[in-house]
Amino acid sequence: MKLLVLGSSAGGGFPQWNCNCANCSAVRSGSTRHRARTQSSVAVGGPADWLLVNASPDILAQIQHSPQLQPARGLRDSGIAGVLLVDAQIDHSTGLFMLRERGTPLPLWCTDPVAQDLSSGNPILNLLGHYCGVARHALPLDGTLIRPAVDLQTPDSDLRHLAIRALTLDSQPPPYSPRRGKPVAGDNIGLVFENTLTGRRIFYAPGLGEISPAVWEAMSTADVVMVDGTFWTDDEMIRMGLSTKTARDIGHLAQSGPEGMLSWLARLPKATRKLLIHINNTNPVLDSASPERAALDAAGVELAFDGLEIDL
Ligand code: MLT
Ligand code: MN
Ligand code: ZN
């Protein structure tokens, strides 16, 4: 089984369409120290059937760049067997619109608060009802394992061996949500993907505001952790004059600082593979010659990139 990184950037992508910061300018002008990235999404499974985890606005380009996702078993076909969402953010849900040409309702796993936001403030699920429709599955937060293959009927697929556990995260619902600033359990989740044949586990949380004891337990018992790489410093956007909000205000834990993401990753076992994902275009680690990237290298922390495959 594989986890395939489809998009490793935060909302806006890299370069961001309206941004001329040092990173965006450099990647736009072809710098060899920078690598373009599409917006936040991964797929789990293989070889032909995949669970899409987050549906980014860049989904069509991501599918084009990932031949694994088009097994071509019929005149109309897709390797995307279903979708699971970690939140209702624009960068994780807009791609659902692009899957509307399906012939059958799209199997979709999301929590109740996410389904609520996607049926009210941003009513994608209602609109899809006029196209393929969605077949929604509950996403329990009580530790119950999700076995997507049971519903997807994928007899020869690696998905048969995929078990998923969802964890509530301290983060933020989207800016358009009536719960912005007052998050509830289920607005944001982290996921443990487990291969039930091998026991191998990946912890995935592209938006993570705080390391709770349950999150730490999941991180400590995973073979691979792939976590929030949005910002290097908590006040990155303020310092650059791009926002008045800190990383923490919008639900992201920055990498640097005494209780920053890197300090947590440093406490994991040496054998744990550690990666950052959902990297914002302002983050200095995007420049491979920056001191911040050198600090990542020294800490044994990798930057996920579009097209990266990880064995599960
Ligand atoms: C986030 O990850 O905080 C959001 O995707 C931000 C956004 O919607 O631009
Ligand atoms: Mn995001
Ligand atoms: Zn930029």
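Just so you know, ligand 1 is whichever comes first in the structure, and atom 1 is the first atom listed for that ligand.
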Close side-chain approach of [X] and [Y], heavy atoms under 4.5 Å:
| X | Y | result |
| --- | --- | --- |
| Asp87 | Leu169 | no |
| Pro47 | Asp158 | yes |
| Ser66 | Leu4 | yes |
| Val134 | Val83 | no |

Notebook entry, point to check: Between His92 and ligand 1, which part of the residue brings a heavy atom under 4.0 Å of the ligand: side chain, backbone, both or neither?
Noted result: neither
Should [X] and [Y] count as an ion pair when the cut-off is N to O under 4.0 Å?
| X | Y | result |
| --- | --- | --- |
| Asp49 | Arg73 | yes |
| Arg165 | Glu194 | no |
| Asp187 | Lys182 | no |

Notebook entry, point to check: Does the protein put any heavy atom within less than 4.0 Å of atom 9 (O) of ligand 1?
Noted result: no
Next item on the list: Anything protein N/O/S under 2.8 Å from the Zn ion (ligand 3)? Just list residue and atom, please.
Entry: Cys19 SG, Cys21 SG, Cys24 SG, Asn281 OD1
Checklist line | Numbering as shown, the atoms of ligand 1 that approach Asp91 to under 4.0 Å (heavy-atom distance) | finding: 5 (O)
Margin query: Give the atom numbers and elements of ligand 1 that come within less than 4.0 Å of a heavy atom of His278.
Written below: 2 (O)
Next item on the list: Report the nearest protein non-hydrogen atom to atom 7 (C) of ligand 1: residue, atom name, distance rounded to 0.1 Å.
Entry: Gln89 OE1, 4.2 Å
Notebook entry, point to check: What residue and atom, counting heavy atoms only, is the protein's closest point to atom 1 (C) of ligand 1, and at what distance?
Noted result: His252 NE2, 3.3 Å
Notebook entry, point to check: What is the minimum heavy-atom distance between Arg239 and Thr233, and which atoms define it?
Noted result: NH2-CG2, 3.7 Å
Notebook entry, point to check: Could you give the distance from CZ (Phe14) to SG (Cys21), rounded to the nearest 0.5 Å?
Noted result: 7.0 Å
Check: Under 30°, 30 to 60°, or over 60°: which ring-plane class applies to His137 and Trp109, parallel, tilted or perpendicular?
Finding: parallel
Notebook entry, point to check: Can you list the protein N, O or S atoms less than 2.8 Å from the Mn ion (ligand 2)?
Noted result: Asp91 OD2, His278 NE2
Margin query: Against Asp287, only a single residue in Arg33, Arg35, Arg293 fulfils salt bridge (Lys or Arg N to Asp or Glu O under 4.0 Å); can you say which?
Written below: Arg33
Next item on the list: Say whether Leu69 and Leu108 are linked into one hydrophobic cluster, either directly or through other cluster members, by side-chain heavy-atom distances under 4.5 angstrom.
Entry: yes
